[in-house]
Amino acid sequence: MSKKYKTAISPTREEDYSQWYQQVIKASDMAENSDVRGCMVIKPWGYSIWENIQKNLDQMFKEIGCKNAYFPLFIPKSFFEKEAEHVDGFAKECAVVTHTKLEDDGQGSLNVAGELTEPLIVRPTSETIIGASFSRWISSYRDLPLMINQWANVVRWELRTRLFLRTTEFLWQEGHTVHSEEQEAIKLTTIMLNIYAKFAEDYLALPVIKGEKTVSERFPGALRTYCIEAMMQDKKALQSGTSHFLGQNFSKSSNIKFQNKEGCEEYAWTTSWGVSTRLIGALIMAHSDDDGLVLPPRIAPNHVVIIPIFRNEEDEIKVKTFIEDFLPQLNNTSYHGDKLRIEYDDREISGGEKNWQWIKKGVPIRLEIGPRDVANQSVFMARRDKAHRDKDSISRNEFLNNVVSFLDDIQFNIFNRALKFRESNTFLLDDYNEFYDFFTPNNIDKPMIHGGFAYSHWCGDIKCEEEIKNRLKVTIRCIPLNSKYEEGKCIFCSSNSTKRVYFAKNY
RNA sequence: CGGGAUGUAGCGCAGUUCGGUCAGCGCGUUCGGUUCGGGACCGAAAGGUCGCUAGUUCAAAUCUAGUCAUCCCGACCA
């Protein structure tokens, strides 16, 4: 066995990380590029993951009293212009609707016609249009807090796109809250950040660092931006969720006022927070291997796939009878308050081929059931968190009794693997030369997977941050919330610093 | 939007230098047979106006111009 095993995905992560990423998506049949530049078609396997993300997050939002609503896709240009920083941040990437109809030119083509007096912007985010509604909904402190979320699509006209990570149109949720007290609004942004972190870690098995963005990385119009940052397998950081404290910026521009207990009118304090289909990109890049997708059970479209194995009709009947007897019991098993999601794959294609399709799709547990298993009342189990040849025969009852703990174990392993990866690629760097080498690939022409997170001192000067970005394309991903007071010297200018921040290359 | 690369069957590619049986290969698909507990084998078949549009030429996948798309690097960004 001197020959290397053939991997299902080629190139491998090591050979060409970004090609590997695209091949994983193709092989798992999650999504594809569409005929519209920069936009993706999310196929059933990918959409099903999104539905699971929605379902679980939605529940978490509702638990803290948030309600869902829906606001228009179009934002009048005049609304958008109200918040100056906001305009600066998004103006360059807005799709704008200027006409309302098409007219036949009599030669087989259509001309745009019916010009609008005021152009409509396709929402890149909805603070301004939601703010307009909120200003009508709120008049008294008794109306507060107001907590609204919407599941929607947004458009940001990006120059360079990548499936799930950055597409022109993407799906997300955006929550918008209004409060009478500044501290209450700030507290809500951290509550949301904790929800995101918990969701990422418990469901996506994605270890994240909770932190605050520096001024230059803030959401346009926000006073503070909190974020969760995760490390991908190419050691780059991916911002996976954000929560913004907007102060009174948007309440002033949208005129969101309320009468307080003393009867005086005040501007309210607002927040906004969101996660997007980018989470699916994070999921892929954090866990998948050279055989394709690896899905954490809590978010997988299917938990278990059953693959019947037989060589003749007699065996086929035996095997199928066994499985059909076994299925209802499996279906009744509950998994974290949900039903176990089982796929019985009885398509007429070879077992090996089926097996590899499900490996590439990342299903946590594969069960091969053949005549030998029927005779022994057992099943042959393979786990996606282990090597594809590493399979075990266990009794059917043992499987039934333990399937939930197997899934939990897979979830746990995937999380731990990602956590260890992040930890072993995070370094306390205190010397600029060391820092420079850390972020410089050995071969510039073919930059290999290199770097990681540098946990280093920063004096707080925006100029140091900017210079590092210019030189190395490395940015401060966040100032971690749990950072401790520590005296040190800024990695760039050697001025005094009191805390460390995370530096990394990012998506 | 700047620099680079690529575009040939569902997927992965060869052929382009030097225009002339070059429209091919592997995988996949369909059919038939043999197999059968770790991506099976044999045989047959289907499938492409060579990204698109002009041009040069007796003749273009091949040369020229334009155009579109994708990927990589940069700027921008969740």
Side-chain angles (χ1 to χ4, degrees), chain A residues 5-11 16-19 21-23 26-27 29 32-38 88-94 124-125 154-174 196 213 216-220 225 227-230 237-244 272-282 291-292 307-312 315-316 319 349-360 366-376 378-380 382 387-391 393 441 444-447 469-470 473 475 506-507:
Chain A
Y5 283 120
K6 185 180 166 190
T7 55
I9 302 297
S10 138
D16 189 334
Y17 194 81
S18 52
Q19 285 295 330
Y21 175 75
Q22 294 179 76
Q23 292 304 325
K26 190 179 276 182
D29 208 27
E32 63 188 21
N33 275 308
S34 73
D35 296 326
V36 183
R37 182 201 175 98
D88 271 358
F90 288 108
K92 283 168 291 182
E93 51 190 49
C94 286
T125 177
V154 284
V155 167
R156 295 183 188 174
W157 214 267
E158 300 289 350
L159 302 174
R160 221 174 124 190
T161 59
R162 283 185 102 184
L163 289 176
F164 290 118
L165 293 179
R166 184 174 302 107
T167 47
T168 300
E169 180 190 14
F170 58 95
L171 305 182
W172 79 345
Q173 78 33 235
E174 50 179 323
Y196 287 154
K213 287 292 188 190
S216 59
E217 299 274 331
R218 260 181 214 155
F219 176 77
T225 287
C227 62
I228 51 173
E229 294 281 334
L238 184 75
Q239 180 175 310
S240 310
T242 50
S243 180
H244 316 290
S272 70
W273 27 275
V275 295
S276 70
T277 35
R278 178 177 248 204
L279 285 178
I280 299 175
D291 286 325
I307 302 172
I309 309 277
F310 48 83
R311 72 181 88 175
N312 55 44
D315 285 347
E316 180 176 354
V319 167
I349 58 173
S350 88
E353 179 58 29
K354 268 184 210 177
N355 203 23
W356 278 100
Q357 283 185 11
W358 293 112
I359 290 172
K360 287 186 278 194
R366 305 188 301 284
L367 283 188
E368 291 168 31
I369 298 177
R372 213 180 294 162
D373 303 297
V374 175
N376 299 328
S378 65
V379 295
F380 213 56
H388 65 80
R389 281 169 186 277
D390 186 0
K391 304 183 189 182
S393 178
I444 305 284
D445 293 332
K446 193 176 181 295
K469 185 178 178 182
N470 291 341
K473 287 142 211 151
T475 51
N506 73 301
Y507 276 96

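Throughout, protein chains are lettered first and strands after them, A, B, ... in sequence-line order, and every chain is numbered starting at 1.
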Assess the residue pair A:L165 and A:Y21 against the criterion (side chain to side chain contact (heavy atoms under 4.5 Å, CB included)); give the C-alpha distance rounded to whole Å, side-chain angles, the decisive distance to 0.1 Å, and a yes or no. CA-CA 11 Å; A:L165 293 179; A:Y21 175 75; 3.5 Å; yes
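- With a cut-off of 3.5 Å on both Watson-Crick or G-U wobble distances, the partner of B:C63 is given as B:G55.
- Here A:T475 lies out of heavy-atom contact (under 4.0 Å) with every strand.
- More than 12 heavy atoms of other residues, nucleotides or ligands sit less than 6.0 Å from atom CH2 of A:W172.
- Across the strands present, B:G2 finds its partner in B:C73; the criterion is a Watson-Crick or G-U wobble pair with both atom distances under 3.5 angstrom.
- Residue A:I359 is out of contact with every strand shown, counting any heavy-atom pair closer than 4.0 Å.
- Pairing of B:G19, defined by two Watson-Crick or G-U wobble distances under 3.5 Å, is not identified with any nucleotide.
- Using atom P as the reference point in both B:U64 and B:G24, the two lie 25 Å apart (nearest Å).
- The separation between A:N355 atom CG and B:A40 atom P is 10 Å, rounded to whole Å.
- Within 4.0 Å of A:K92, counting heavy atoms only, lies no atom of the nucleic acid at all.
- Going from the C1' atom of B:U53 to that of B:C22 covers 24 Å, rounded to whole Å.
- When each of B:G37, B:C1, B:C77 is scored by its nearest atom to the side-chain atoms of A:L159, the top-ranked nucleotide is B:C1.
- Of all the heavy atoms in A:L279 and A:S240, the pair that sits closest is CD2-O, 3.2 Å.
- Nucleotides B:G48 and B:A14 place their C1' atoms 15 Å apart, quoted to the nearest Å.
- The backbone N or O of A:V275 lies less than 3.5 Å from a partner atom in the side chain of A:Q173, making a donor-acceptor pair.
- B:C11 and B:A65 have their C1' atoms separated by 32 Å, given to the nearest Å.
- Between A:N355 and A:E368 the shortest heavy-atom distance is ND2-OE2, 3.4 Å.
- A 3.5 Å limit on both hydrogen-bonding distances identifies no Watson-Crick or G-U partner for B:G48.
- Listed candidates were B:C77, B:G37, B:G74. Nearest to the side chain of A:K473 is B:G74.
- Contacts of A:Q239 with the nucleic acid, taken as non-hydrogen atoms under 4.0 Å apart, involve only primed sugar atoms and P, OP1 or OP2.
- If you check every strand for non-hydrogen atoms under 4.0 Å, A:S18 touches sugar and phosphate atoms only.
- Counting to the nearest Å, the C1' atom of B:C77 and the CZ atom of A:F90 are 9 Å from each other.
- If you check B:A40 for Watson-Crick or wobble pairing at under 3.5 angstrom, you find it paired to B:U34.
- At a threshold of 4.0 angstrom between heavy atoms, the contacts of A:Q19 are confined to the sugar-phosphate backbone, with no base atom among them.
- Note on A:G38: only backbone sugar-phosphate atoms sit closer than 4.0 angstrom, heavy atoms only; bases stay farther off.
- Taking the nucleotide of RNA chain B with the nearest heavy atom to each of A:S276 and A:F310, the more 5' of the two is matched to A:F310.
- Closest to the side chain of A:K360, from the set B:G39, B:C71, B:G37, is B:G39.
- Following rounding to the nearest Å, A:F164 (CZ) and B:C77 (C1') show an atom-to-atom distance of 19 Å.
- No contact: A:F219 has no heavy atom under 4.0 Å from any strand.
- Protein atom CZ of A:R156 is 18 Å distant from nucleotide atom C1' of B:A75, rounded to whole Å.
- When distances are taken from the side chain of A:R162 to each of B:G12, B:C72, B:U70, the shortest belongs to B:C72.
- Among all heavy-atom pairs drawn from A:L238 and A:A282, the shortest one is CD2-CB, 3.3 Å.
- The separation between A:D16 atom CG and B:U6 atom C1' is 14 Å, rounded to whole Å.
- Listed nucleotides: B:G39, B:C77, B:G37. Nearest to the side chain of A:E368: B:G37.
- The distance between atom CG of A:L165 and atom P of B:C72, rounded to the nearest whole Å, is 10 Å.
- If A:A8 and A:S34 are placed on RNA chain B by their nearest nucleotide, the residue sitting closer to the 5' end is A:A8.
- Atom CG of A:L238 is separated from atom P of B:C77 by 16 Å (rounded to the nearest Å).
- Between A:K26 and the phosphate of B:G12, there is a side-chain N or O to OP1/OP2 separation shorter than 4.0 Å.
- Pair check for B:C11 finds B:G26; Watson-Crick or G-U wobble, both atom distances under 3.5 Å.
- Remark: A:R37 is in phosphate contact with B:A69, judged by side-chain N or O atoms under 4.0 Å from OP1 or OP2.
- Comparing B:C13 with B:U56, their C1' atoms are spaced 30 Å from each other, to the whole Å.
- For the pair A:W356 CH2 and B:A40 C1', the interatomic distance rounds to 15 Å; values are reported in whole Å.
- A:V379 and A:D373 get closest at one heavy-atom pair: C-OD1, 3.9 Å.
- Taking both residues in full, the closest heavy atoms of A:P220 and A:G89 are given as CG-CA, 3.5 Å, listed atom of the first, atom of the second, then distance.
- B:A46 and B:G32 have their C1' atoms separated by 15 Å, given to the nearest Å.
- On the C1' atoms, B:G28 is 14 Å away from B:A45, given to the nearest whole Å.
- Between A:R160 and the phosphate of B:C73, there is a side-chain N or O to OP1/OP2 separation shorter than 4.0 Å.
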